[in-house]
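This report concerns only the one structure given below.
By convention in this document, chain letters (A, B, ...) are assigned in the order of the sequence lines, proteins followed by strands, and residues within each chain are numbered from 1.
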There are 2 protein chains.
Amino acid sequence: MTQPWDPYARGCPSRVVLDRIGDRWTVLLVGALADGPRRFGELARDVDGISQKMLTQTLRSLERDGLVRRTVHAVVPPRVDYELTDAGRSLLGPLSALTAWAVDHMDDIVVAREQFDAVT
Amino acid sequence: MTQPWDPYARGCPSRVVLDRIGDRWTVLLVGALADGPRRFGELARDVDGISQKMLTQTLRSLERDGLVRRTVHAVVPPRVDYELTDAGRSLLGPLSALTAWAVDHMDDIVVAREQFDAVT
DNA sequence: CAGGATCCCGCAGGATACTG
DNA sequence: CAGTATCCTGCGGGATCCTG
């Protein structure tokens with residue numbers, strides 16, 4: 001239980017990673033790439049509500065972190081594929097556990113909120 | 001695999017939950033409460049870098065979602081305990097999987113970033 | 001089609017001061 | 001001690017227009 005690293009400490013590298021997860025779109029995007037390579041436009045359509053700017057930006061961050069590989073095909077019109085690296089795929093497990101939890105508990109949470117708001 | 005709910009859809013309640021996880025402090029705070037009840041001041045000290053405002057705010061959100069229970073002891077000086085509810089504790093599993101992943105991969109990620117930045 | 005470049009607004013969130 | 005109240009700023013992030 002005693003971890004060599006303390007995620008709660010400000011300087012800890014693992015916290016950097018947690019911050020990345022804490023990005024609104026990262027989780028959604030990794031999930032959207034779960035089933036294989038996707039093109040820019042596909043991702044824009046799949047992840048509801050994301051802007052091109054955020055899509056580009058998040059994709060870059062993931063690429064920078066070595067979680068996503070970007071492949072440019074020299075054709076016209078341009079074609080660019082994004083796919084998870086091995087590291088990226090390894091994140092899928094923990095993430096799906098999280099979304100599963102989300103789906104399992106969303107009803108309870110919605111109810112809890114309504115009760116809380118009713119009192120306040 | 002085919003979920004009845006689509007977390008990628010904007011209106012899906014599960015997305016609300018994901019947004020909550022996507023809060024910078026939520027994950028850290030839930031982790032800090034893992035071992036049992038904690039007082040306000042303890043949490044402020046344990047979670048490095050959090051401001052009082054954010055601590056209060058995040059704690060409220062968690063309480064509102066039914067993940068944390070707030071107990072006020074009528075003594076002077078005031079004493080307030082925060083502890084995870086059953087629902088809150090159920091989040092611990094998925095979350096620890098995530099932090100474990102973070103600790104496991106942080107080195108790779110740091111290296112990947114340096115390489116990426118070196119090229120760019 | 002895949003993005004880069006800009007403009008701009010809202011609000012997350014920090015710092016500080018005050019209170020029961 | 002455990003907050004609330006207020007002020008203020010950075011930047012997250014959307015909308016829009018442009019290019020190879």
query = Is A:Arg64 paired with B:Asp117 through a side-chain N to carboxylate O contact shorter than 4.0 Å?
reply = yes
For nucleotides 10-17 of chain D, which of its nitrogen or oxygen atoms have a protein nitrogen or oxygen under 3.5 Å away, and what is each distance?
from: D:dG13; atom 1: N7; to: A:Lys53; atom 2: NZ; distance (Å): 2.8
from: D:dG13; atom 1: O6; to: A:Lys53; atom 2: NZ; distance (Å): 3.3
from: D:dG14; atom 1: OP2; to: A:Ser51; atom 2: OG; distance (Å): 2.7
from: D:dG14; atom 1: O6; to: A:Lys53; atom 2: NZ; distance (Å): 2.5

query = Nucleotide range of DNA chain C contacted by chain B, 5' to 3', under 4.0 Å to a heavy atom?
reply = C:dG13 to C:dG20
Residue pair B:Thr58 / B:Leu28, side-chain heavy-atom distance below 4.5 Å = no
query = Taking side chain as C-beta onward, heavy atoms only, is A:Leu43 less than 4.5 Å from A:Leu55?
reply = yes
ask   = For the hydrophobic clusters of this structure (ILVMFWY residues joined by side-chain heavy atoms under 4.5 Å, transitively), does one cluster hold both B:Leu62 and A:Phe116?
value = no
request  = Under 4.0 Å from any atom of DNA chain D, heavy atoms only: list the residues of residues 72-85 of chain B that qualify, in numerical order.
outcome  = B:Pro77, B:Pro78, B:Val80, B:Tyr82
key: Of residues 37-45 of chain B, the positions that come close to DNA chain D - non-hydrogen atoms, cut-off under 4.0 Å   = B:Arg39, B:Phe40, B:Gly41
Partners meeting side-chain hydrogen bond (donor to acceptor under 3.5 Å, both in side chains) with B:Arg89 (sequence neighbours left out) = B:Asp86
inquiry  = Looking at B:Arg39, is its backbone amide N or carbonyl O close enough to the side chain of B:Glu42 to form a donor-acceptor pair, meaning the two atoms are under 3.5 Å apart?
reply    = yes
ask   = A:Thr85 versus A:Val68: any side-chain heavy-atom pair under 4.5 Å?
value = no
message = Under the criterion salt bridge (charged side-chain N to carboxylate O under 4.0 Å, His left out), I'd like the reasoning laid out for B:Arg113 against A:Asp65: C-alpha separation, chi angles, the key distance, then a yes or no.
response = CA-CA 5 Å; B:Arg113 286 188 183 179; A:Asp65 289 350; 2.5 Å; yes
query = Are B:Leu92 and B:Leu59 joined in one hydrophobic group, where the rule is that I, L, V, M, F, W and Y side chains link up if heavy atoms are under 4.5 Å apart?
reply = yes
ask   = What residues form a side-chain contact (heavy atoms from CB on, under 4.5 Å) with A:Val80, not counting sequence neighbours?
value = A:Arg70, A:Val72, A:Tyr82
key: Charged N-O contact under 4.0 Å between B:Arg60 and B:Glu63   = yes
ask   = Do side-chain atoms of A:Thr99 reach the backbone of A:Ala102 as a donor and acceptor pair under 3.5 angstrom?
value = no
